[in-house]
Amino acid sequence: MSAITLSAEYGYVLATYAVSAFYVFTLGAQTGKYRRAAGIPYPYAYAEKAEAEKDEKKHLFNCAQRVHQNTLEVFPTYSAFLLIAGIRHPVPASIAGAVWLVGRYFFSSGYLTGDPSKRMRGVIAYAGLLGLLGMSVHTIYSLLA
């Protein structure tokens, strides 16, 4: 069995992770801003469809909420791949993580136009995620070999 040794470059991985976690935090704050503007009280996660169809602020709140929720849904997978891939490939993993982060930014900004189909601007995030998947598989294989 191989020992796991982290290089100094693993600091890039940790920095990428920290920036990504901060981005997720900002999405939560952004959702709160849209919630206040739309007047949606807690504990309601979304504005009712009929209300959102008539009120642009409620529609935009629903978009902001969905951006945040979707990012939270994929964040654990992204995080695991980033941290695993970075063991053997710290710089490429950090670059792939940055690609994912930029893609999520484009996803968010597209969605928040009020036209959810514009979220597809963020499809580049999958290139980063797939890169991290490949590097994670290689890392795991090299540790088990």
Side-chain angles (χ1 to χ4, degrees), residues 4-143:
I4 297 176
T5 304
L6 299 178
S7 68
E9 288 83 14
Y10 197 77
Y12 293 120
V13 174
L14 296 177
T16 303
Y17 180 79
V19 170
S20 301
F22 180 74
Y23 178 67
V24 171
F25 175 79
T26 65
L27 291 177
Q30 174 179 267
T31 301
K33 180 183 89 170
Y34 280 92
R35 176 184 292 279
R36 284 186 298 282
I40 305 295
Y42 286 102
Y44 301 105
Y46 291 94
E48 294 292 327
K49 181 179 178 182
E51 292 178 15
E53 288 175 346
K54 293 184 268 180
D55 185 337
E56 180 70 10
K57 288 181 181 178
K58 290 180 178 177
H59 175 70
L60 289 175
F61 164 71
N62 284 352
C63 291
Q65 181 76 310
R66 189 64 202 126
V67 164
H68 188 220
Q69 289 298 313
N70 183 265
T71 303
L72 289 172
E73 289 163 9
V74 74
F75 193 70
T77 302
Y78 158 78
S79 299
F81 288 163
L82 175 66
L83 297 174
I84 293 168
I87 292 170
R88 291 280 193 251
H89 310 282
V91 174
S94 294
I95 292 168
V99 168
W100 180 84
L101 192 55
V102 167
R104 293 309 296 186
Y105 172 79
F106 287 130
F107 172 86
S108 172
S109 61
Y111 217 130
L112 289 173
T113 65
D115 179 0
S117 69
K118 291 184 179 176
R119 73 189 188 284
M120 297 310 292
R121 296 174 179 170
V123 75
I124 189 172
Y126 288 106
L129 192 60
L130 289 173
L132 290 171
L133 170 62
M135 287 182 267
S136 292
V137 168
H138 180 262
T139 298
I140 292 167
Y141 177 78
S142 70
L143 288 171

What's the verdict on side-chain contact (heavy atoms from CB on, under 4.5 Å) for V91 and Y10, showing C-alpha distance, side-chain angles and the deciding distance? CA-CA 8 Å; V91 174; Y10 197 77; over 6 Å; no
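For the atom pair CD1 of I84 and CE of M135, the computed distance is 12.0 Å after rounding to the nearest 0.5 Å. Distance CG/L72 to CD/Q69: 5.5 Å, rounded to 0.5 Å. To the nearest 0.5 Å, the span separating CH2 on W100 from CG on L129 amounts to 8.0 Å. The OH atom of Y42 sits 4.5 Å away from the CZ atom of R35 when rounded to the nearest 0.5 Å. Going from atom CG of L132 over to atom OG of S94 covers 9.0 Å, rounded to the nearest 0.5 Å.
Among residues two or more places apart in sequence or in another chain, the side chain to side chain contact (heavy atoms under 4.5 Å, CB included) test is passed with T77 by F81.
The closest side-chain heavy-atom distance from F61 to T31 is below 4.5 Å. Taking 4.5 Å as the limit, some side-chain heavy atom of L130 sits within range of a side-chain heavy atom of L133. In this structure the side chain of F107 reaches within 4.5 angstrom of the side chain of N70, judged on heavy atoms.
Among residue pairs with one or both ends in residues 112-138, those qualifying as ring pair (Phe, Tyr, Trp, His ring centres under 6.0 Å) are H89-H138; sequence neighbours excluded. Under the salt bridge (charged side-chain N to carboxylate O under 4.0 Å, His left out) criterion, the residue pairs touching residues 64-76 are R66-E73, with sequence neighbours excluded.
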Below 3.5 Å, can you tabulate the donor-acceptor pairs from side chains in residues 14-29 to any protein atom, sequence neighbours excluded?
{"unit_1": "T16", "atom_1": "OG1", "unit_2": "Y12", "atom_2": "O", "d": "2.8"}
{"unit_1": "S20", "atom_1": "OG", "unit_2": "T16", "atom_2": "O", "d": "2.8"}
{"unit_1": "S20", "atom_1": "OG", "unit_2": "Y78", "atom_2": "OH", "d": "2.8"}
{"unit_1": "Y23", "atom_1": "OH", "unit_2": "R104", "atom_2": "O", "d": "3.3"}
{"unit_1": "T26", "atom_1": "OG1", "unit_2": "Y23", "atom_2": "O", "d": "2.6"}

Under 3.5 Å, sequence neighbours excluded: what are the donor-acceptor pairs made by side chains of residues 108-125?
{"unit_1": "S109", "atom_1": "OG", "unit_2": "Y105", "atom_2": "O", "d": "3.2"}
{"unit_1": "S109", "atom_1": "OG", "unit_2": "F106", "atom_2": "O", "d": "3.3"}
{"unit_1": "T113", "atom_1": "OG1", "unit_2": "G110", "atom_2": "O", "d": "2.7"}
{"unit_1": "T113", "atom_1": "OG1", "unit_2": "D115", "atom_2": "N", "d": "3.2"}
{"unit_1": "D115", "atom_1": "OD1", "unit_2": "S117", "atom_2": "N", "d": "3.2"}
{"unit_1": "D115", "atom_1": "OD1", "unit_2": "S117", "atom_2": "OG", "d": "2.8"}
{"unit_1": "D115", "atom_1": "OD2", "unit_2": "S117", "atom_2": "OG", "d": "3.3"}
{"unit_1": "R119", "atom_1": "NH1", "unit_2": "P116", "atom_2": "O", "d": "3.0"}

Scan the side chains in residues 47-54 for donor-acceptor partners under 3.5 Å anywhere in the protein, sequence neighbours excluded, and list what turns up.
{"unit_1": "E51", "atom_1": "OE1", "unit_2": "K58", "atom_2": "NZ", "d": "3.3"}

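More than 12 heavy-atom neighbours from other residues, nucleotides or ligands sit within 6.0 angstrom of OH on Y46.
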